[in-house]
There are 2 protein chains.
Amino acid sequence: MTLEKTPKPTESELEILQVLWQHGASTVRLVHEELSNGKEVGYTTTLKLMQIMAEKGMLEADKTSRSHIYRPLLEEEKTQQQLLDRFMDAAFRGSASKLVMQALGNSNTSKEELNEIRNLLDKLEGGKK
Amino acid sequence: MTLEKTPKPTESELEILQVLWQHGASTVRLVHEELSNGKEVGYTTTLKLMQIMAEKGMLEADKTSRSHIYRPLLEEEKTQQQLLDRFMDAAFRGSASKLVMQALGNSNTSKEELNEIRNLLDKLEGGKK
DNA sequence: TTCATTTTACGAAATCATTCGTATATACTT
DNA sequence: AAGTATATACGAATGATTTCGTAAAATGAA
């Protein structure tokens, strides 16, 4: 099997990926406008970043029309999982339960979401009884 | 109240903090040896990093003896919470439940830990019934 | 066509994180 | 005391990320 290094999007790259995951393939213009909601950033900065990401193989540019259309080549869930694994190691010395407890303890999670989690717990504990 | 920016330890800084959180105040030598278990790194590199961290106010150096003793000025849980909040936003667009589901789904969490989490769920849902 | 607008291309500056070489000071050993 | 080992101080190289200025190309409007 081809051994490919797991890509590690930087913080800025991740912001761009989030926009693309949420909106689907988009122009630099759209991505830039989304980012601008949250912070000051120049258009060419966004452009450059997206071009670099394309070089790195994180995005693919459709250049048929003047405004190129970029789509993410990284899958959202897979990427999140990789980031999460790294983060769990770095910040919580690998302890999933510590991380989960802190995540739940300090956030407003809806009743429905809590139930979803409980169901998952049931399924997991089923295998360990 | 004094408004202080939440500190953002880098990856290397976090590694050092983890050692200090786990072992308590320590010399550069000890921290360096711990880090060396996981990767190649020069002694002066570790030293420099810890000095920089002291400048930034993350560590405090007791310089009374020749081998300075560094202790962490950042609290483990508070720091983890801040990192977690940022990470949740950056990687999961703020969704605690998505993060939690992925964290649990893809890790070997013991029965005991799962029960702890379930208890927390009970407490949380108690307030929402 | 001419002018203004929008887009991409390119290169380089600015910033930040990481690494380490070298010098100097302090302590230990014989 | 002389030599060895260990520590800190300092500065600077390296490398990665982020930022943006400027120019050229493409498009749209007058």
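Reminder, nothing fancy here: chain letters follow the sequence lines and each chain counts from 1.
Here A:D122 contributes atom CG and B:R118 contributes atom CZ; the two are 4.5 Å apart, rounded to the nearest 0.5 Å. The distance from the CG atom of B:L35 to the CD atom of B:E40 is 12.0 Å, given to the nearest 0.5 Å. One distance of note links CG of A:L124 with CD of B:E113; it measures 12.0 Å at 0.5 Å rounding.
In this structure, A:H68 places its NE2 atom 12 Å from C1' of C:dT6, rounding to the nearest Å. If you measure from atom CD1 of B:I16 to atom P of C:dT18, you get 9 Å, rounded to the nearest angstrom. As rounded to whole Å, 13 Å separates atom C1' of D:dT8 from atom CD of B:E55. Taking atom CD1 of residue A:I69 and atom P of nucleotide C:dT7, one finds them 12 Å apart after rounding to whole Å. One atom, CG of B:L30, and another, C1' of D:dT8, lie 17 Å apart when rounded to the nearest Å. Nucleotide D:dA9 holds its C1' atom 10 Å from the OH atom of B:Y70, rounded to whole Å. Remark: P of C:dT19 and CE of B:M50 are 15 Å apart, rounded to the nearest angstrom. The separation between B:K63 atom NZ and C:dT26 atom P is 13 Å, rounded to whole Å.
Among residues at least two apart or in separate chains, salt bridge (charged side-chain N to carboxylate O under 4.0 Å, His left out) pairs with a member in residues 89-98 of chain B are A:E76-B:R93. Applying the ring-ring contact (aromatic ring centres under 6.0 Å, His included) rule to pairs touching residues 31-61 of chain A yields A:H32-A:Y43, sequence neighbours excluded. Pairs engaging residues 12-31 of chain A under the salt bridge (charged side-chain N to carboxylate O under 4.0 Å, His left out) rule: A:E13-A:K56, A:E15-A:K39 [sequence neighbours left out].
Remark: the backbone N or O of A:L47 is not paired with any side-chain donor or acceptor of A:T44 at under 3.5 angstrom.
Counting only N and O atoms by type, the side chains of B:E33 and B:N37 include no donor and acceptor under 3.5 Å apart.
A:Q51 has a side-chain polar atom (N or O) that falls below the 4.0 Å cut-off from OP1 or OP2 of C:dA9. Between C:dT19 and B:Y43, no contact under 4.0 Å exists linking OP1 or OP2 to a side-chain N or O.
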Pick out the pairs of N or O atoms, protein on one side and nucleotides 16-20 of chain D on the other, that lie under 3.5 Å.
unit_1: D:dT18; atom_1: OP1; unit_2: A:S12; atom_2: N; d: 3.4
unit_1: D:dT18; atom_1: OP1; unit_2: A:S12; atom_2: OG; d: 3.0
unit_1: D:dT18; atom_1: OP2; unit_2: A:T10; atom_2: OG1; d: 2.6
unit_1: D:dT18; atom_1: O5'; unit_2: A:S12; atom_2: OG; d: 3.3
unit_1: D:dC20; atom_1: OP2; unit_2: A:G42; atom_2: N; d: 3.3
unit_1: D:dC20; atom_1: OP2; unit_2: A:T45; atom_2: OG1; d: 3.2

Which atoms of nucleotides 26-28 of chain D (N or O only) lie under 3.5 Å from a protein N or O atom, and what are those distances?
unit_1: D:dA26; atom_1: N3; unit_2: A:R66; atom_2: NH1; d: 3.4

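The ring-ring contact (aromatic ring centres under 6.0 Å, His included) test applied to A:H68 returns no partner, not counting sequence neighbours.
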